[in-house]
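One structure is given below, encoded as structure tokens.
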Amino acid sequence: AAPSPPPAGGAPPSAPAGRMNLNTASASELEELPGVGPELAGRIIEYREKKGQFSSVEELDAVDGIGPGKLENLIELVTI
């Protein structure tokens, strides 16, 4: 069988298709995520600047304003 063609539109090879990279996303990109406004996007950026890059998606739970429910909504939309 022939190999499958790459998906149309192609996401960058470093990130799974359609997922936002928590370590490289800008505040405006983070605001596109459900439930993330300017204030929370700023906290995510601030956390990343203070602690260094995220080592896992689950680490997002350590950001003030993101609890288990919000993490559950975001976990399938982001990557590291």
Quick one: do F54 and V63 satisfy side chain to side chain contact (heavy atoms under 4.5 Å, CB included)? Show the steps, please. CA-CA 11 Å; F54 287 91; V63 176; 4.1 Å; yes

Answer yes or no: is there a side-chain heavy-atom contact under 4.5 Å between L77 and P34? yes

In short, A41 meets A27 closest at the heavy-atom pair CB-O, 3.6 Å

Closest non-hydrogen atoms of L71 and V57, given as atom of the first, atom of the second and distance, are CD1-O, 3.8 Å

Quick one: ring-ring contact (aromatic ring centres under 6.0 Å, His included) pairs with a partner in residues 61-80, sequence neighbours left out? none

I need the full list of side chain to side chain donor-acceptor pair (under 3.5 Å) pairs touching residues 38-48, with sequence neighbours left out, sorted by first then second residue. E39-R43, E46-K50, Y47-E59

All heavy atoms of M20 vs all of E29, minimum pair found to be CE-O, 3.0 Å

Do L60 and I44 come close enough that some side-chain heavy atom pair is under 4.5 Å? yes

Would you compute the distance between atom CD1 of I66 and atom CG of L40 and round it to the nearest 0.5 angstrom? 4.5 Å

As a quick check of understanding, evaluate side chain to side chain contact (heavy atoms under 4.5 Å, CB included) for L33 and V78, giving each step before the final call. CA-CA 9 Å; L33 294 168; V78 295; 3.8 Å; yes

Side chain to side chain contact (heavy atoms under 4.5 Å, CB included) between E58 and I75: does it pass, once the steps are laid out? CA-CA 7 Å; E58 289 78 13; I75 207 158; 3.5 Å; yes

